[in-house]
Amino acid sequence: QVQLVESGGGLVQAGGSLRLSCTASGNILRIDGMGWHRQVPGKQRDLVAYIWSGGATNYADSVKGRFTISRDNAKNTVYLQMNSLKPEDTAVYYCKMRLPMGDYWGQGTQVTVSS
């Protein structure tokens, strides 16, 4: 029905940058919201950044000033620009899109920040 494809993860040194992208395809009439979450082993999956259809955004306190979420509605794509990365940002990052029929998740992309 709907497929989310993520890209942009990888290994980066502390202080470096990465840009994640997530594109949805399939039976999509509209996207009500898009977001990024992250999870480390043994911990819950936490919100990193979210953008609603109207353009309002929300960020976790730990990433404010360093990460920026953006979107391209015409391409059904959401981005996460991550700057000044820290070792504690190391996690699997998951894309989420809220559609009228429910929430859809990507498979996750590993981000590793070396110290």
Side-chain angles (χ1 to χ4, degrees):
Q1 184 180 20
V2 176
Q3 183 180 38
L4 273 57
V5 179
E6 304 176 10
S7 64
L11 175 65
V12 65
Q13 296 183 39
S17 298
L18 287 173
R19 190 192 192 206
L20 307 182
S21 65
C22 175
T23 298
S25 62
N27 186 22
I28 301 172
L29 297 178
R30 73 171 194 269
I31 300 175
D32 295 324
M34 309 180 188
W36 291 94
H37 298 66
R38 66 188 181 188
Q39 187 171 25
V40 299
K43 297 186 181 298
Q44 298 297 309
R45 187 176 298 183
D46 294 326
L47 174 71
V48 176
Y50 199 85
I51 183 167
W52 285 272
S53 60
T57 59
N58 189 37
Y59 295 91
D61 289 341
S62 59
V63 307
K64 286 182 179 178
R66 300 188 297 120
F67 291 10
T68 303
I69 188 170
S70 62
R71 68 187 182 192
D72 186 333
N73 289 335
K75 297 180 179 179
N76 294 328
T77 298
V78 62
Y79 305 93
L80 185 67
Q81 179 67 46
M82 304 185 294
N83 298 326
S84 301
L85 283 161
K86 304 175 181 179
E88 49 262 48
D89 294 319
T90 296
V92 177
Y93 284 71
Y94 297 89
C95 171
K96 188 189 85 171
M97 295 195 185
R98 175 158 289 182
L99 275 58
M101 55 281 236
D103 292 342
Y104 290 82
W105 293 86
Q107 293 299 308
T109 183
Q110 177 70 47
V111 172
T112 302
V113 184
S114 62
S115 61

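Owing to the predicted nature of the structure, the values given are computational and were not obtained by experimental measurement. Hydrogens, waters and symmetry mates play no part in the numbers below; they use all other heavy atoms, side chains included.
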In a table with atom names and distances, give each donor-acceptor pair under 3.5 Å that connects a side chain of residues 97-115 to protein atoms at least two apart or in another chain.
unit_1 : atom_1 : unit_2 : atom_2 : d
R98    : NE     : D103   : OD1    : 2.8
R98    : NH2    : D103   : OD2    : 3.1
Y104   : OH     : Q1     : OE1    : 2.8
T109   : OG1    : G9     : N      : 3.4
Q110   : NE2    : A91    : O      : 3.4
Q110   : NE2    : T112   : OG1    : 3.3

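- Within the 4.5 Å cutoff, no side-chain heavy atoms of T68 are placed close to those of Y79.
- The side-chain hydrogen bond (donor to acceptor under 3.5 Å, both in side chains) analysis of residues 40-49, with sequence neighbours excluded, yields the pairs Q39-R45.
- The ring-ring contact (aromatic ring centres under 6.0 Å, His included) pairs that include a residue from residues 1-36 number zero, where partners must be two or more places apart or lie in different chains.
- Linking ILVMFWY side-chain heavy atoms closer than 4.5 Å, directly or via other members, places V12 and Y93 in a single hydrophobic cluster.
- Residues V78 and C95 meet the side-chain proximity criterion, which asks for heavy atoms closer than 4.5 Å.
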Pairs of donor and acceptor atoms involving the side chains of residues 13-24, under 3.5 Å and at least two apart or interchain, shall be tabulated with distances.
unit_1 : atom_1 : unit_2 : atom_2 : d
S17    : OG     : N83    : OD1    : 2.9
S21    : OG     : S7     : OG     : 2.8
T23    : OG1    : T77    : OG1    : 2.8

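- Cluster membership for L4 and I31, using ILVMFWY side-chain heavy atoms within less than 4.5 angstrom, is shared.
- Considering only residues two or more places apart in sequence or on other chains, Q3 meets the side-chain hydrogen bond (donor to acceptor under 3.5 Å, both in side chains) condition with none of them.
- In this structure, the side chains of R38 and V40 stay at 4.5 Å or more apart for every pair of heavy atoms.
- Residues V63 and K86 form no side-chain contact, since every pair of their non-hydrogen atoms from C-beta on lies 4.5 Å or further apart.
- Atom CG of D72 is separated from atom CE of M34 by 8.5 Å, given to the nearest 0.5 angstrom.
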Let me have the donor-acceptor pairs involving side chains of residues 52-61, under 3.5 Å, with sequence neighbours excluded, atom names and distances please.
unit_1 : atom_1 : unit_2 : atom_2 : d
Y59    : OH     : I69    : N      : 2.9
D61    : OD1    : K64    : NZ     : 3.2

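- Both V48 and I51 belong to a single network of hydrophobic side chains, linked directly or stepwise wherever heavy atoms of I, L, V, M, F, W or Y lie under 4.5 Å apart.
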